[in-house]
There are 2 protein chains.
Amino acid sequence: MTDADSFSIRQMCDTYSVTPRTLRFYEQKELLFPVRLGTQRLYGKRERTRLHLILRGKRFGFSLEDIRQLLDMYDRDGSNEAQLVRTYDLAQDRLARMEAQRAELDEAISELRDQLAQGADLLARHRAVAAE
Amino acid sequence: MTDADSFSIRQMCDTYSVTPRTLRFYEQKELLFPVRLGTQRLYGKRERTRLHLILRGKRFGFSLEDIRQLLDMYDRDGSNEAQLVRTYDLAQDRLARMEAQRAELDEAISELRDQLAQGADLLARHRAVAAE
DNA sequence: GGATCGCTTGACGTTAACGTAATGTAACGT
DNA sequence: ACGTTACATTACGTTAACGTCAAGCGATCC
């Protein structure tokens with residue numbers, strides 16, 4: 001921790017439960033851009049939130065390439081309007097997809113709940129028979 | 001459509017937007033078990049709901065192996081109690097994970113919404129400047 | 001000053017989830 | 001009978017996302 005609040009690669013790995021190889025891989029794929037102190041990597045606040053978003057994206061089944069585009073969206077310059085509008089549209093699209101995903105997830109959850117209720121029922125009857 | 005409501009492989013592909021290769025692959029991995037009429041595959045109602053669940057699972061980032069175990073859960077015999085209990089526990093575990101995922105998804109959605117609001121703001125100011 | 005520790009950079013290996021190409025056969029129209 | 005269509009099997013190829021292994025550098029501990 002040379003400077004202010006920078007993490008070493010090890011601290012990152014421990015904090016986020018990933019391997020060094022994974023972090024270097026993400027860097028190579030231009031998902032992360034740690035500062036270099038000599039040869040070492042230093043991960044500031046920005047890189048940490050980025051990693052957070054990456055891992056979350058993965059849990060939702062997005063590919064790293066998808067995620068990279070999402071991340072790019074997060075820190076666009078906003079200097080020219082066309083660019084800005086394009087980014088905005090992209091984000092809206094993404095939002096719509098995530099809301100759809102949530103609807104589906106809700107459906108899946110309630111189905112699973114039914115399934116569980118049936119299972120509990122079956123178990124109860126099974127025990128009733130066994131107890132006679 | 002030889003019998004009652006069986007789908008051919010092509011009908012399946014068209015209905016669910018997958019390739020024949022994918023269906024055969026799922027069969028090889030024991031996720032689907034179409035009936036054979038001679039050499040042809042016939043997909044009944046059961047196989048169709050299974051495929052539906054498979055595709056949904058994929059969209060949530062589950063691996064095929066994960067999904068296979070889930071599917072097995074759906075049509076267990078329930079003959080012996082130990083088995084039944086194990087299945088029940090597994091399902092509860094799965095439910096917990098999905099609910100966690102939903103919470104995370106909600107978080108991600110509201111973050112994205114904030115992001116969008118900021119974007120709209122930036123755009124508005126950008127235009128205000130340009131209009132003077 | 002030698003060993004260890006933590007990090008580095010290649011480079012090749014691995015697994016999942018299919019794609020693709022080659023070849024074969026069963027049914028069907030003409 | 002023949003060609004086309006629709007399906008089949010077998011087998012090798014591909015991409016993403018890392019794992020693993022080899023070899024080297026820089027600081028630190030003894």
Side-chain angles (χ1 to χ4, degrees), chain A residues 1-3 5-44 47-48 50-72 97, chain B residues 1-3 5-44 47-48 50-72 94 97 101:
Chain A
M1 41 199 129
T2 302
D3 215 359
D5 69 331
S6 292
F7 277 32
S8 76
I9 199 171
R10 186 99 302 272
Q11 286 176 298
M12 289 294 278
C13 295
D14 294 349
T15 305
Y16 296 97
S17 304
V18 295
T19 71
R21 170 71 234 234
T22 298
L23 292 179
R24 296 191 195 109
F25 182 73
Y26 289 168
E27 185 178 346
Q28 183 187 326
K29 286 304 179 79
E30 303 187 50
L31 288 151
L32 293 176
F33 309 91
V35 169
R36 289 308 187 93
L37 178 75
T39 170
Q40 285 194 55
R41 290 165 171 83
L42 290 179
Y43 298 84
E47 304 311 309
R48 265 142 38 208
R50 285 178 76 94
L51 180 55
H52 183 70
L53 293 175
I54 293 169
L55 297 178
R56 178 157 74 194
K58 290 206 56 182
R59 258 168 279 144
F60 293 147
F62 292 132
S63 77
L64 289 186
E65 178 55 25
D66 282 355
I67 294 170
R68 194 182 61 73
Q69 291 180 26
L70 254 177
L71 286 177
D72 282 0
R97 268 191 281 176
Chain B
M1 36 196 132
T2 302
D3 215 0
D5 69 330
S6 293
F7 277 33
S8 76
I9 199 171
R10 186 98 301 271
Q11 286 176 301
M12 289 293 279
C13 294
D14 294 349
T15 306
Y16 296 97
S17 302
V18 295
T19 70
R21 171 70 235 236
T22 298
L23 292 179
R24 296 191 195 109
F25 181 73
Y26 290 167
E27 185 178 347
Q28 183 187 329
K29 287 302 179 79
E30 302 186 51
L31 288 151
L32 293 177
F33 309 91
V35 169
R36 290 307 189 94
L37 179 74
T39 170
Q40 284 195 58
R41 292 166 170 82
L42 291 179
Y43 299 84
E47 304 312 309
R48 261 132 53 198
R50 285 178 76 97
L51 180 56
H52 183 70
L53 294 174
I54 293 169
L55 297 177
R56 177 156 75 193
K58 291 206 58 185
R59 259 169 279 147
F60 294 146
F62 292 132
S63 75
L64 289 185
E65 178 54 26
D66 283 356
I67 294 171
R68 195 182 59 74
Q69 291 180 26
L70 255 177
L71 286 178
D72 283 0
R94 181 71 60 162
R97 268 192 279 175
Q101 192 170 2

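In what follows, every chain begins at residue 1, and chains take the letters A, B, ... in the order their sequences are listed. Just so it is clear, the structure is predicted and the values come from calculations on it, not from any experiment.
The stretch residues 22-31 of chain A touches DNA chain D through T22(A), F25(A), Y26(A), each having a heavy atom within less than 4.0 Å of the strand.
Residues K58(A) and L64(A) form a side-chain contact, since some pair of their non-hydrogen atoms from C-beta on lies under 4.5 Å apart. When side chains are defined from C-beta on, R24(B) counts as touching I9(B), because their heavy atoms get closer than 4.5 Å.
Mapping S63(B) and R36(A) onto DNA chain C by nearest heavy atom places R36(A) at the nucleotide closer to the 5' end.
Side-chain atoms of Q11(B) come within 3.5 Å of backbone atoms of S8(B) as a donor-acceptor pair (strictly under, hydrogens ignored).
Using a cutoff of 4.0 Å between basic side-chain nitrogens and carboxylate oxygens, R68(B) and E27(B) are not scored as salt-bridged.
At the phosphate of dG19(D), OP1 or OP2 sits under 4.0 Å from a side-chain N or O atom of T19(A). Contact annotation: R10(B) side-chain N/O to dA8(D) OP1/OP2 distance is not under 4.0 Å.
Closest to the R21(A) side chain, of the nucleotides dA8(D), dA11(D), dT20(D), is dT20(D).
For DNA chain C, the outermost nucleotides in 5' to 3' order that have an atom under 4.0 Å from a heavy atom of chain A are dC7(C) to dA11(C).
Between the CG atom of D14(B) and the P atom of dA6(D) there is a distance of 11 Å, given to the nearest Å. If you measure from atom CD of Q11(B) to atom C1' of dC7(D), you get 13 Å, rounded to the nearest angstrom.
Rounded to the nearest 0.5 Å, atoms CZ (F62(B)) and CZ (R59(A)) are 12.5 Å apart. Once rounded to the nearest 0.5 Å, the distance linking CD of Q69(A) with OG of S63(A) reads 8.0 Å. To the nearest 0.5 Å, atom OH of residue Y26(B) and atom CG of residue L71(B) are 11.0 Å apart.
Between R48(A) and Y43(A), the shortest heavy-atom contact is NH1-O, 3.2 Å.
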